[in-house]
Student: 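Here it is: the structure, laid out below.
Residue numbers start from 1 in every chain, and the chains themselves are labelled A, B, ... in the order their sequence lines are given, proteins ahead of strands. Everything quoted here is computed from the prediction, not taken from an experiment.
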Number of protein chains: 2
Amino acid sequence: MVNKLRQHIIDRLGSAPDNIDEVLSTFQMLKLKRNEVILTQGDICKYVYFVASGCLQVFVYDKEMNETTRDIITENNWCSELISFGSQQPATENIRTVEPSDLLAIDRQGFQRLMETVPQFDKVYKQILEASYANSVYRINTFVSLTALERIKWLMEYRPKLMSRLSSKLIASYLGISQETFSRLKGKL
Amino acid sequence: MVNKLRQHIIDRLGSAPDNIDEVLSTFQMLKLKRNEVILTQGDICKYVYFVASGCLQVFVYDKEMNETTRDIITENNWCSELISFGSQQPATENIRTVEPSDLLAIDRQGFQRLMETVPQFDKVYKQILEASYANSVYRINTFVSLTALERIKWLMEYRPKLMSRLSSKLIASYLGISQETFSRLKGKL
DNA sequence: CTGAAACGTTGACATTTGTCAACACGAAAC
DNA sequence: GTTTCGTGTTGACAAATGTCAACGTTTCAG
């Protein structure tokens, strides 16, 4: 599990920092089952997670308690509620596993410490933030103007694996359409 | 014009950095009319802008060349296409003035120089990035599941000044609904 | 293995929203 | 001042999508 993170860091920085083992030991390992909630709306987000294996769903509830999924994170990616993590304000989103997942978690103190002792770690954080931002912008621009069918085609083109890996219900909530519409439109392809 | 930026930086950092005049002189002043394009999709984004006065629209074209507005930036805020600015990849968005505007622009070299000579400037950049990210996340979570009427109510609650300041056409494109729907629903409030 | 619960599909129907067209109005250009 | 163009409103209609209900299938706990 730790090796996946090691490899990820090496890929990001181009080479391994001298004290990579110190970096890795700052993370704690979590083995989670399906459907475990790791962050609840209103709580303070205490960790940034690296997904070594499995899959996470980042979502909110609307006023009728329907879920809307803002993001789906698969292995070798980072997941957190960065705004809450950074500001220590209550989180506006929920996070849960949608598959059994292995996570590596780092808390604020650990994060702070790495920022100071490992100069390049600051760069990793910036990269995570920039990637998250780029992802959000892309999602807004792609989705605000697309029809339901176009959103499905978009998903098949850019994240095809999700189509077979996840439940229809989850995908529909990620695309912002009803389960029934998703089911019907899939037939028309 | 420069004083607005000076004040903004002081507000952000809590106090003025020693060499604030050096910081301010790194920016170039731009006085623009209405409807001037300062970034075109496909070009590399060369500047980060501080809006001293006026208003900018960040938007994309869909395949029928309709505009969708991702963001509207008013005075005392920062505007750029940060992904393109940071990576020097082609921009995916357009930016134009929607009012006569005074801007303070800083290019990559200036930015890089400030990052090195003014330690706190790094913090400002992080703040801009984090604010932009928070804004995007908020927009996704708010809009993906809202109806047209709910989006209008949202705008009236959270950015009420925009309602009177901007054209209906622009607001509709920001809310992701047609001009006609916007016109009709306004009546039902 | 079995029963309950969740999921996926389909039909019928209501609702929302978009599109096209017409027209009044005001702002900008000449 | 006149003309022209863009904007905002409204009507009629079409298209897209949601909701509710029914039913078969799968999943999972016991």
Student: Side-chain contact test, heavy atoms from C-beta onward, threshold under 4.5 Å: evaluate it for A:Ser168 versus A:Lys186 and give yes or no.
Tutor: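 Side chain of A:Ser168 against side chain of A:Lys186, heavy atoms only: contact under 4.5 Å found.
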Student: Of the candidate nucleotides D:dT19, C:dT9, D:dT10, which contains the atom at the shortest distance from the side chain of A:Ser178?
Tutor: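 Closest of the options to the side chain of A:Ser178: D:dT19.
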Student: Measuring only between side-chain heavy atoms, which start at C-beta, is A:Leu5 closer than 4.5 Å to A:Phe27?
Tutor: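 Touching, per the 4.5 Å side-chain cut-off.
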Student: List in numerical order all residues of residues 146-153 of chain B for which some heavy atom is under 4.0 Å away from an atom belonging to DNA chain C.
Tutor: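 Of all residues in residues 146-153 of chain B, the ones placing a heavy atom under 4.0 Å from DNA chain C are B:Thr147, B:Ala148.
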Student: Determine the interplanar angle of the B:Trp78 and B:His8 rings, folded into 0 to 90°, and report it as parallel if under 30°, tilted if 30 to 60°, perpendicular if over 60°.
Tutor: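 Ring orientation of B:Trp78 relative to B:His8: perpendicular.
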Student: Counting distance only, does the side-chain N/O of B:Glu22 pair as donor-acceptor with the main-chain N or O of B:Asn19 below 3.5 Å?
Tutor: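 No, the answer is negative, given that no donor and acceptor are paired below the 3.5 Å cut-off.
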Student: Output the rounded distance in Å from CG (A:Leu166) to P (C:dC7).
Tutor: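 Taking CG of A:Leu166 and P of C:dC7, I get 13 Å after rounding.
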Student: Could you check whether atom CD of A:Gln88 has more than 12 heavy atoms from other residues, nucleotides or ligands sitting under 6.0 Å from it?
Tutor: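 Atom CD in A:Gln88 is crowded, with more than 12 foreign heavy atoms closer than 6.0 Å.
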Student: With sequence neighbours excluded, tell me which residues meet side chain to side chain donor-acceptor pair (under 3.5 Å) with A:Thr92.
Tutor: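 By the side chain to side chain donor-acceptor pair (under 3.5 Å) rule, A:Thr92 matches A:Glu81.
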Student: Taking the side chain as every heavy atom from C-beta outward, state whether B:Ser84 and B:Ile44 have any pair of such atoms under 4.5 Å apart.
Tutor: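 The answer is yes; the side chains approach within 4.5 Å.
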Student: What verdict does the side chain to side chain donor-acceptor pair (under 3.5 Å) test give for A:Ser173 and A:Thr69, after you've listed the backbone C-alpha separation in whole Å, the side-chain angles of each residue and the deciding distance to 0.1 Å?
Tutor: CA-CA 5 Å; A:Ser173 105; A:Thr69 301; 2.4 Å; yes
Student: Please list, for nucleotides 3-6 of chain C, all pairs of protein and nucleotide N/O atoms separated by less than 3.5 Å.
Tutor:
none

Student: Taking CZ in B:Arg12 as the centre, count heavy atoms belonging to other residues, nucleotides or ligands within less than 6.0 Å. Is the count above 12?
Tutor: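 Enclosed.
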Student: Which residue in the set A:Val124, A:Asp122, A:Thr26 passes side chain to side chain contact (heavy atoms under 4.5 Å, CB included) when paired with A:Leu114?
Tutor: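 For A:Leu114, the side chain to side chain contact (heavy atoms under 4.5 Å, CB included) check succeeds only for A:Thr26.
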Student: Suppose we screen for ring pair (Phe, Tyr, Trp, His ring centres under 6.0 Å). Which residues come up paired with A:Phe111, at least two apart in sequence or across chains?
Tutor: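 Ring pair (Phe, Tyr, Trp, His ring centres under 6.0 Å) check on A:Phe111 returns A:Phe85, A:Phe121, A:Tyr125.
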Student: Rounded off to whole Å, could you give me the NZ-to-C1' distance for the A:Lys188 and C:dT9 pair?
Tutor: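 Spelled out: NZ on A:Lys188 to C1' on C:dT9 is 14 Å.
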Student: Go through it in stages, so that I can follow the logic: the residues are B:Val98 and B:Leu170, the test is side-chain contact (heavy atoms from CB on, under 4.5 Å), and I'd like the CA-CA distance, side-chain angles, deciding distance and then a yes or no.
Tutor: CA-CA 9 Å; B:Val98 294; B:Leu170 178 54; 3.8 Å; yes
Student: Expressed in angstrom and rounded to an integer, what is the separation of A:Ile171 atom CD1 from C:dT9 atom P?
Tutor: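 In whole Å, C:dT9 P lies 10 Å from A:Ile171 CD1.
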Student: With under 30° as parallel and over 60° as perpendicular, where do the rings of B:Tyr174 and B:Trp154 fit, or are they tilted in between?
Tutor: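 Tilted: the ring planes of B:Tyr174 and B:Trp154 meet at 30° to 60°.
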Student: Taking the minimum atom-to-atom distance to the side chain of A:Thr181, which one of D:dG18, D:dT9, C:dG18 wins?
Tutor: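 Minimum distance to the A:Thr181 side chain belongs to D:dG18.
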Student: So, is B:Lys186 close to the D:dT9 phosphate, meaning a side-chain N or O under 4.0 Å from OP1 or OP2?
Tutor: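 Yes, because at least one side-chain N or O of B:Lys186 sits under 4.0 Å from OP1 or OP2 of D:dT9.
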Student: Identify all pairs in which a protein N or O lies below 3.5 Å from an N or O of nucleotides 20-23 of chain D, and state each distance.
Tutor:
residue, atom, partner, partner atom, Å
D:dC20, N4, A:Glu180, OE2, 3.2

Student: Between D:dG18, D:dG8, C:dT9, spot the one nearest the side chain of B:Ser167, thanks.
Tutor: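 Selected nucleotide (nearest to the side chain): D:dG8.
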Student: Mind calculating the distance between CG (A:Asn66) and P (D:dG18) to the nearest angstrom?
Tutor: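 In whole Å, D:dG18 P lies 11 Å from A:Asn66 CG.
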Student: Could you state the NZ-P distance from B:Lys33 to C:dA27, rounded to the nearest angstrom?
Tutor: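 Nearest whole value for this atom pair: 20 Å.
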Student: Which residue is it: B:Glu93, B:Arg70, B:Arg96? I am looking for the one with a side chain to side chain donor-acceptor pair (under 3.5 Å) to B:Gln57.
Tutor: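 Looking at B:Glu93, B:Arg70, B:Arg96, the match for B:Gln57 under the side chain to side chain donor-acceptor pair (under 3.5 Å) is B:Arg96.
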Student: From C-beta outward on A:Ser168, which listed nucleotide comes closest to its side chain: C:dG8, D:dT17, C:dG18?
Tutor: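 Between C:dG8, D:dT17, C:dG18, the one nearest the side chain of A:Ser168 would be C:dG8.
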Student: Using five base pairs at each end to define the local axes, how bent is the helix from C:dC1-D:dG30 to C:dC30-D:dG1, to the nearest 10°?
Tutor: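 The helix from C:dC1-D:dG30 to C:dC30-D:dG1 shows an end-to-end axis angle of 60°.
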Student: Which whole-number value in Å describes the distance from B:Asn35 CG to C:dA27 P?
Tutor: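 Nearest whole value for this atom pair: 16 Å.
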Student: CZ of A:Phe182 versus P of C:dT9: gap in Å, rounded?
Tutor: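 Whole-Å distance recorded here is 8 Å.
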